[in-house]
There are 2 protein chains.
Amino acid sequence: MDYKIKSRIWIEADGDILLGEGRVSLLKAIDEEGSLTKAAKSLGMSYKKAWSLIDAVNKRAEKPVTTSSIGGKGGGGAQLTAYGKSLVEAFETINENCWEFLDEQIKNTKLK
Amino acid sequence: MDYKIKSRIWIEADGDILLGEGRVSLLKAIDEEGSLTKAAKSLGMSYKKAWSLIDAVNKRAEKPVTTSSIGGKGGGGAQLTAYGKSLVEAFETINENCWEFLDEQIKNTKLK
DNA sequence: TTTCGTTATATATTATCAAATATAACGAAA
DNA sequence: TTTCGTTATATTTGATAATATATAACGAAA
C-alpha cells in the first residue's frame, strides 16, 4: 500500500482551541526570540495574527502561558512561563506518540 | 485538568489528500442514498463540492471508490465499490482507535 | 525630555475559498 | 421522441479569512 496517514491534534478548553501545531510553533519561537514581534517575523506571520493567537492561548489556559512587558530597554518583550514550557513539551510528546501509533495502525490494515 | 484532546486524521496518496472525515461522511451518504445529488443534499453540501471531492478521491485511489451512471431510470446514480467500503471501514476504525489512544495519553500527562 | 523597539489595538484592503447559478449530456421508460 | 432526475462542468457571486497599514501607550536609558 502506498497510502500515508497523517494527523493533527489540538487541545481544547471549554470547547475552544487552546493549543495546536501553529500555536506551539509560535510559543517555541517566543521562547527563542524573547519577543512576539521577532517570533512572528521568524515564522513569516503578521504581528496581529501572532498577538491574537497568544491572547487566545492565555485567556483559555488555566495558568498564564506567556508574560510580556511594554517599554523600557529594548522596547519590551515576551517570554514563556514554566507552565507554558510544560504545555509545549506535553503537546509535542503526545503528537509524536500519535504519529507512531498511526503508522502502526495503517501498517496493520488490509484493504480489499 | 479540564483540557480535552482532539484530532483529525487523513490518508494521503502521493502527497495529496485521499480521504478525510468529510470525504468519508460523503462516501457513507452515497452508500445510503445511491445518488451523489441526494448525498450532497443530506449533508447540506453543494453538488459541486461533493462532485469535486469524489472526483479527487477516485483520481488518487489505487482502485475506483465509487461508480456512477448518467441517464436512465431515475436519472442515474452513484454507488460505493467494495474497495470503497473497505476504505471507509478502515478509516473509521483507525480514527476511533486514535481517539482512545489520545485520551489515554492526555490522562497520563502531568503539567506544572 | 527625547529616542527606541516593543506591546496592544483598530481599520481597511486584498486574497482565498465556498456557495449559488446555469447548462449540456445522458439513457431508460412512457 | 418527449420526459425525467441524474452526472458532469463552467462561470459568477458572496462570504470569510488573511494581510497590510496605521497609531497609541509604554518605560528604561541617554
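For the numbers below, each heavy atom of this structure counts, side chains included, while hydrogens, waters and symmetry mates do not. Reminder, nothing fancy here: chain letters follow the sequence lines and each chain counts from 1.
- Judged by closest nucleotide on DNA chain C, A:S69 is the one of A:S69 and B:G44 placed further toward the 5' end.
- For A:K48, whose side chain is taken as the heavy atoms from C-beta onward, the closest listed nucleotide among D:dT7, D:dT19, C:dA8 is D:dT19.
- Side-chain atoms of A:Y47 lie closest to C:dA8 of the nucleotides D:dT7, C:dA8, C:dA28.
- Within the shown strands, D:dT12 is the pairing partner of C:dA19 under the Watson-Crick or G-U definition, both distances less than 3.5 Å.
- Comparing D:dT6, C:dT7, C:dA28 by their closest approach to the side chain of B:T37 singles out D:dT6.
- Pairing partner, C:dC26: D:dG5, with both Watson-Crick or wobble hydrogen-bond distances short of 3.5 Å.
- A straight line from NZ of B:K73 to C1' of C:dA29 spans 10 Å, rounded to a whole angstrom.
- Between B:K38 and D:dT6, a side-chain N or O to OP1/OP2 separation shorter than 4.0 Å is present.
- Nearer to the 5' terminus of DNA chain D, by closest-nucleotide assignment, is the contact made by B:G76 (compared with the other of A:S46 and B:G76).
- In this structure, A:V65 is a member of the same hydrophobic cluster as A:I54, with clusters built from ILVMFWY side-chain heavy atoms closer than 4.5 Å.
- For the pair B:W51 and D:dA8, the criterion of a side-chain N or O lying under 4.0 Å from OP1 or OP2 is met.
- Judged by distance alone, the side chains of B:N97 and A:Q105 do bring a donor and an acceptor atom under 3.5 Å apart.
- Proximity of A:S68 to the phosphate of C:dA8: a side-chain N or O atom is located under 4.0 Å from OP1 or OP2.
- Of the candidates B:N95, B:V88, B:I11, B:V88 is the only one forming a side chain to side chain contact (heavy atoms under 4.5 Å, CB included) with B:V24.
- You'll find that the side chain of B:K49 is closest to C:dA19, out of C:dT6, D:dT7, C:dA19.
- Under the 4.5 Å side-chain heavy-atom criterion for Ile, Leu, Val, Met, Phe, Trp and Tyr, B:L111 and B:L102 are members of the same hydrophobic cluster.
- As rounded to whole Å, 19 Å separates atom P of D:dC4 from atom CD1 of B:I70.
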